[in-house]
Amino acid sequence: MTNTQNTMKTGYAAKRQAANIAIYIILTVMVIVWLFPIVWLILRSFSADGAYNAIFPSNWTFDNYIRLFNDYDAAGNPISQEDMPFPYGTWILNTFIVAVCSAVVSTLIILMISYAFSRLRFKSRKALLNCGLILGMFPGFMSMAATYSIMEIFGLKQSLVGLVIVYSAGAGLGYQVSKGFFDTIPRSLDEAAKIDGATRNQIFWVIILPLSKPIIVYTALTTFLSPWADYIFVSYFMKANKENWTVAVGLYNMLDNEHIGRYFTVFCAGAVLIAIPITILFIIMQRFYVAGVTGGAVKG
Amino acid sequence: MDFLDYVQLSTGQRFVYKLKSFFLGIPGAISKLFTIIGHFFASFFGMIVNGFKGYGSRFANGDGGTKLSYIIMGAGNILHKQIGKGLIFLAAEVAYFAFLFGFGMNYVSEIFCNNVNIPVTDPNTGTVAYAAYNGVIGNESPVYQDNEFGVPELLNSDTLDDSNKILLFSVLTLIVTIAFIAIYVANTKSAYASQKIVESGKKPVGLVAELKTFLDERFHVTLLSIPTVLLLIFTVLPIVYTIFIAFTNYDKNHQPPGKLYWWVGFDNFATVFYSNPLTSQTFGRILLWTIIWAVFATFSNYILGIVLALMINKKGIKFKGFWRTMFVITAAVPQFVTLLVMRILLDDKGAINNMLGTNIPFLTDTTGLWPYVTVILVNMWVGIPYTMLISSGLLMNIPEDLYESARIDGANAFQQFTKITFPYIFFVTTPYLITSFVGNINNFNVIYFLTAGGPVADGYDRSGRTDLLVTWLYKLTINNSDFNLAAVIGILVFVICAAGSLITFNMSKASKNEEEFS
Amino acid sequence: MVRKTKRVLALALTAMMATSALAGCAGGSDGGTQNSSQAPTGNNSATTSGGDVVSDVSVVDVDSDSVKQKLISAIASEAAKTNNEIKITLWCSSDDRSFEKKLVEDFKKEYASDQYTLDVDVNSSYGEDKAGGKIIESPGDGADVFNMADDQISTLVTAGAIAKVGDIFKGNVVANNTEDSVSACTVNGTTYAYPKTSDNGYFMYYDKRVFGDDEVGNLDEMIKKASENGKSVYLNVTGPWYMTGFFFTAGCDITYDVTTDTQVATFNTPEGLKAAKAICHISESEGKGFSGTPGTLGDNAYVQQGFEDGTLAAAVIGTWEGPVIKAAIGEENVGAAKLPTVLMDGKQEQLHSFGGYKVVGVNTHSQYPTTSHILAYYLTKESSQLSRYNERGLIPTNNKALEDETVNADPARKAIQEQAPYAHQQGTSVGGTYWAVNPQTVGTEAISNKGNLSDDKLNEILKNIVTQIDSAKKS
C-alpha cells in the first residue's frame, strides 16, 4: 500500500519534472527565436561592412553610431551639421518634444472624456458613446489629406505644434480603457463627496484623479510611445520639411533604394538607439500597461 | 440551444457549435448593423426634433424680448436682465455670420457649378474639346501667361479654385452651421426660460452663477467641449469630406489645384463592384484575405499568447521574471523597426535564407502560400508577447483556492484550464479581443512595413497578394492618387469593421462592456 | 404668426443661399475659363504641332551681360512682391546635395544684386525618383525647382504641375543639348524640362575577372560561365523598368500619348508572348547563374551586396551604382558594356532597354517663376554639367560637355552610347499609369515559377496587364 503510494508519488513527480523540462526547452527555443532579430539588429549596428545578409560583423566598429550625429559622404569627407542628409539628433529631439507634449495633452483629454462618460449622466451620453465607437472604425489615415488642408488654414502645416494637435485630437477616441477603469471606482465615493457639498469639478480633481494613478500612467505611456512608431501620418504631414521629421520617418527613409547601400548599418544603429530607452521605459511600466488593457482587473 | 444544453456538450462539440454560431451570426450581425445605423439616424433626427420641440410655442407665448431673440440672438436674455449671457449669444450670432459670409459662403457657393468648360479628349482622334459639365466643384482653373522672357506666370493664383478646399470648407461650414443652429435653439429656450423667471417675479440667475454650473451640474459640458471640438475638426470633418470624395472623380487626372473635379454619383462604387472586372476581382481577393488575416492574426496571437503565459507561470518553472522580460523586449522595440528588420531578414537572399542555405521565397512567392504564412508568423512574433504579458497579469489574479477545490474534485490540469483559467481570461479580455480584431482588419503597419503588400502577382489591380484593404487604400491614395476609389474602399473598410466587431460582440455574451450598441 | 415668421425666415435663408450660390459660380464662368490653358504652356509662339523638337527658335545668349542685367531686373521685380527677399526651394537627391549647394552658391553670386536678397534652400528629402510624384501630391508645397527622372514629365504635364521651359532659355536648351535629351523633355512640341544628365538608363557592369571583354555579348553564355564560377548575372526581370526591355526587343508597340493620356502596350500579341517566353527562358536559370529579382530591398542594395560578397559577376544597372561597384571589386576590374543578347523565339536578339535622362523642372505654382527658370537653366548649362561630371561622375547631355576628353573616355559613357540604338525614350513610351499597374507581374510570376509557365498562363497574364492599362486610362 505505502509502496504503491510512493511509486505513484514519484511517478507523478517524475511526470511533472519531465513536463517542466519540456517547458524549459520550449521556452529557450522560443526566446532564441524571439530575440534573434533584435540581436541581429544590434550585431549589424556594430558592423563595418554594410551586408544585410550576414549575421556577425566582419569588422566591429562604433562608426555607425557616430555617423548618426556626424556623418560623412561617400568619399569620406565630413558633412557639416546643417547639411546632414539624416539629422538624427534633430529627429530624436522632435520626436521627444512631440511625444511629451502629446502625452500631456492627450492624457488630459482622455481623462476628461472618460470621466464624463463614466461618472456623469447626461442626456446625449449614449448617443455620443455610439458616435465615438463608430468614428473609431474608420481607417485613420483616410483623413490625412483633409487634416493637412485644415492645418494649412491654421498656418500649422508641417509644424510640430500641428502634429501635437492632430495626435491629441485623435487620442480622444481612445477613452474606452480609462473609462473602464473609472467604472470600477465605487460610486459611493462620489455620493459621499456630493453630500459634503463638493462639486463634480472638485470630485474629479480631488477624489477621482488621485485614485487613477495606474490609468494615468497607462494613458501617458501609450500616448508617449505612439509618436515614436508613427510613420504614415508624419511622412504625409511633414512632406519635404526634413527639419521637422520624426525619427520613424527618418529611419524609414534610410532604407529606401537610394540610401540603403550606404545607410543600412546606420539605420540599425539608429534603431537600436531609440529602442533602448523605449524598451527600458516599457519594461518598467509594463504592470501599468497590463492594468490598463485589462480594465483594472489587474491592479497596477 | 440554451445554456443547460450547451454545458453538456463535449469540448469538440462546443467548438463546432461556436464556429457554427459564428458564421450563422454573420447575416444577423450585418442586418443588426443596418438596424443600428437606422437607430443612429433615428436618434440623431430624434435629437433634432426634440431640440426644436416647443420652438413654435415658445415663440407664440414669448414676450417681445423672446420674440426678438428669434432674430437677434441673446435679445431675450438681455431684456430679461441676463446681460452677460445675452451678449454671449449675440457674439455667437455675429461670429457665425461673419464666418458664413467672410469665409464659408465663398466655398459653399461653388460646390456645384454649371457651365464650366472642362477639356474632354476624344480617345480616337485625340482632339481636345471643351465641354460644359454640371456639378463641377469650383469654376476657375489656373490661367497662365508668358512674361517677357517667355516664362509662364500664374495670373490668378489668388482667385483660382481648388476643388479640395471648396469641398472641405463647405463641409466645415456645414458642421459650423449645425453647431450654430443648436446654439440658436438654445438661445430661444434660454430667452423663454428667462422670460418665465422674470414673469414669476424672481431674479434671473447671474452670469457668474450660471457659469458655476459648468463646474457642477453641467460639468460634462466643460469636460467634453474641447475634445468634441477637436474631434469634430480633425476626425468628423475629414471623414465626412472623404465620404463625399467617394462620389467625385478626384483621381490622378483631376488633381487640384491644376484641375477641378466634379460629382459623378455612384460611378466609383460601380468601378469597385462590377464595371471594372479586374478591380472587382482584386477587391474580392483582398477582402477575402483581409478577413482570413484578421481571424488568424487575432486568434493565433490570443491563444498562443495565453499558452505562453501558462507555460511561464506554471508552478515549478523558475525565473518567471526573466522569461517574461525576454519576450517583453520584443514587444517594446518600436514596431516599425522590428518589422523592417524582419523584412530584411526574410528577404530571398537575406540572412535567414543565407544561414539556412535555402532559397525560400518568404515574401516573394507569387503562387504558393509562403507570403501569407510569413506575415501571420511574423505577426505572431510581434503580438504574442503582448497577449502573454496581459494574460500573465490575469493568471496571477485568479484565486488559488479555486484550483485547490478543483483538484479536490479530481479535475486534471486540462480540465482546470478549460473550467477555470480560460473562462476567466476570456471574460476579462473580451474587449481586448474585439479591439484587436478591428485593429487587425486595419492593421496597416505589419503589412506595409513587412511586405508593402507584395508580392506583385497576376490578377491584382495596383496591389499585391498580401495587401489588406487598408494598404490597398493607401496605395491608391499615395501612389496612384486615385482618391475617389480609395474613399470608396475606406467606406467599405468601415462597414466591415463595424460588422466584424458586432459579430464579435454578439459572440461574446461575456462582454461586460456596458456601452454595447443599444 | 409663428408660421409666418418661420416661413419668412426659411425663405430669407434659402434666398440668401441661392443668390450667393449663383453669384459664386457665375463669377468665373463668363468667358474666362475658355481661354484658360489647362496645361501651363502659356502663349508659346515657338511651339509647332507634333512631337518634333522645335529647332527654329532663336538662340539667345543668356550668359551675355546685357541679358544678365535684364534677368537680374526680372528677379528684382519678382522680389519686390515679397519685401525684396526671394526664397526658393530646390529638390535634389541627397548624394548630390553638397554638389548642388556649391552650384547654387555660384548661381547666387552670378545673379547677385543689391536690390534683393536671394536665398535657395537645397532640400534632399525627395530624390529624383520621387520628386515628380511629390510635386503632384501637393504642388503648392512642392519645390520651385526640382531634379527628377524624365519619365515623370508626362504625368506632371497631365497634372499641370510643370512649367514649360522659358522661351528665352529654350533656344539654348535645344541647341546645346543632344537631340534625344531635348525630345525626352518635350511633350507635344513643348519643352518642359532642362536636361541635366544622360545616364538615367541602364547597361551592364561586369567583373573583368570573370568575363573577358568578348564574353559579354550573350546572356545565356554569360549565365553559364557565371554559374561555373559560382556567381550570378543579375537582370531584374521583376522590375517594370528592366522587364519592359524584353517587350521592346520582341517588337511590341509601347507608346504613350500625353494629350490623350493614352498608354498603348500591345503585350497580348504573339510578339508579347515571345518576350514573355524569353523572360521565362532565363528565369529557368534563377539561382543557377542567373538572378532575376532583388527581393524586397531594391536594386541598389542588392547589386552593392552582390558585388561586395562576390556573388554577382555582372549586373544590369545604371551609372549610379558605378562608384559602389568600383569600391567593391576595384576600379580596374569593372567593365561596362551594352546589354547582351537574349534568346527570343529561337534566335539571339539584342536586348532593348529604356534610355533616359535626369532633368530639372520648374513648378507651375512657384511664386518666383522667372528666378526659378534662371536657376534651372543655370544648373543645367554647359559649365555646370561639366563640373557635375567631374565631381559626381554623371554623364552630361550638353553637346560640348560630351566632347570633353575625360567624358568621352568613360567606359559607362561608351556603354550608354553602344546601347543607345536599342534604348527607348521613357517620355514617349510610358506614362504614369504604366508603372502604376504593375506590368512586372509577368516577371514576378516567371521568377516565382522558375520559368515554368504555360503559354496559356502567359497569355492570361499579358492580357491582364493590358486590361489594367486600358482601364486605368479612363478619365
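Note on naming: letters A, B, ... go to the chains in the order of the sequence lines (proteins, then strands), and numbering restarts at 1 for each one.
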Can you tell which of [options] has the highest number of heavy-atom pairs within less than 4.5 Å of chain C?
{"options": "B:Ala457, B:Pro256, B:Pro361", "result": "B:Ala457"}
{"options": "B:Asp161, B:Thr159, B:Thr366, B:Leu154", "result": "B:Thr366"}
{"options": "B:Leu363, B:Asn164, B:Asp461, B:Ile344", "result": "B:Asp461"}

*Exercise: do B:Asp348 and C:Thr293 side chains pair donor with acceptor under 3.5 Å*: no
*For the residue pair C:Thr311 and B:Lys349, confirm or rule out a side-chain donor-acceptor distance under 3.5 Å.*
no
*Electrostatic pair B:Glu153:C:Lys164 at N-O distance under 4.0 angstrom*: no
To the nearest 0.5 angstrom, please state how far the [atom1] atom of [X] sits from the [atom2] atom of [Y].
{"X": "C:Asp470", "Y": "B:Asn276", "atom1": "CG", "atom2": "CG", "value": "10.0 Å"}
{"X": "C:Ser138", "Y": "B:Gln255", "atom1": "OG", "atom2": "CD", "value": "10.0 Å"}
{"X": "B:Leu278", "Y": "C:Asn464", "atom1": "CG", "atom2": "CG", "value": "5.5 Å"}
{"X": "B:Gln281", "Y": "C:Thr467", "atom1": "CD", "atom2": "OG1", "value": "10.0 Å"}
{"X": "B:Thr367", "Y": "C:Lys457", "atom1": "OG1", "atom2": "NZ", "value": "9.0 Å"}

If I measure from the heavy atoms of chain C, does [X] come under 4.5 Å with its side chain, its backbone, both, or neither?
{"X": "B:Tyr107", "value": "neither"}
{"X": "B:Pro277", "value": "neither"}
{"X": "B:Thr477", "value": "neither"}
{"X": "B:Asp347", "value": "both"}

*Which atoms of C:Ile465 approach chain B - backbone, side chain, both or neither, heavy atom under 4.5 Å*: neither
*Give, as side chain, backbone, both or neither, the part of C:Gln305 having an atom under 4.5 angstrom from any heavy atom of chain B.*
neither
*Which of the residues C:Thr441, C:Thr296, C:Thr444 is involved in the greatest number of heavy-atom pairs with chain B at under 4.5 angstrom?*
C:Thr296
*Residue among C:Thr238, C:Leu71, C:Thr155 with most heavy-atom pairs under 4.5 Å to chain B*: C:Leu71
*Please check if the side chain of C:Glu445 supplies one atom and the backbone of B:Asp458 the other of a donor-acceptor pair under 3.5 Å.*
yes
*How about C:Asn438 and B:Tyr460: do any of their side-chain heavy atoms sit closer than 4.5 Å?*
no
*Got B:Thr279 and C:Gln468 here, is their nearest side-chain heavy-atom distance under 4.5 Å?*
no
_Closest approach of C:Gly160 to B:Tyr144 (non-hydrogen atoms, all atoms of both residues)_ = O-OH, 4.1 Å
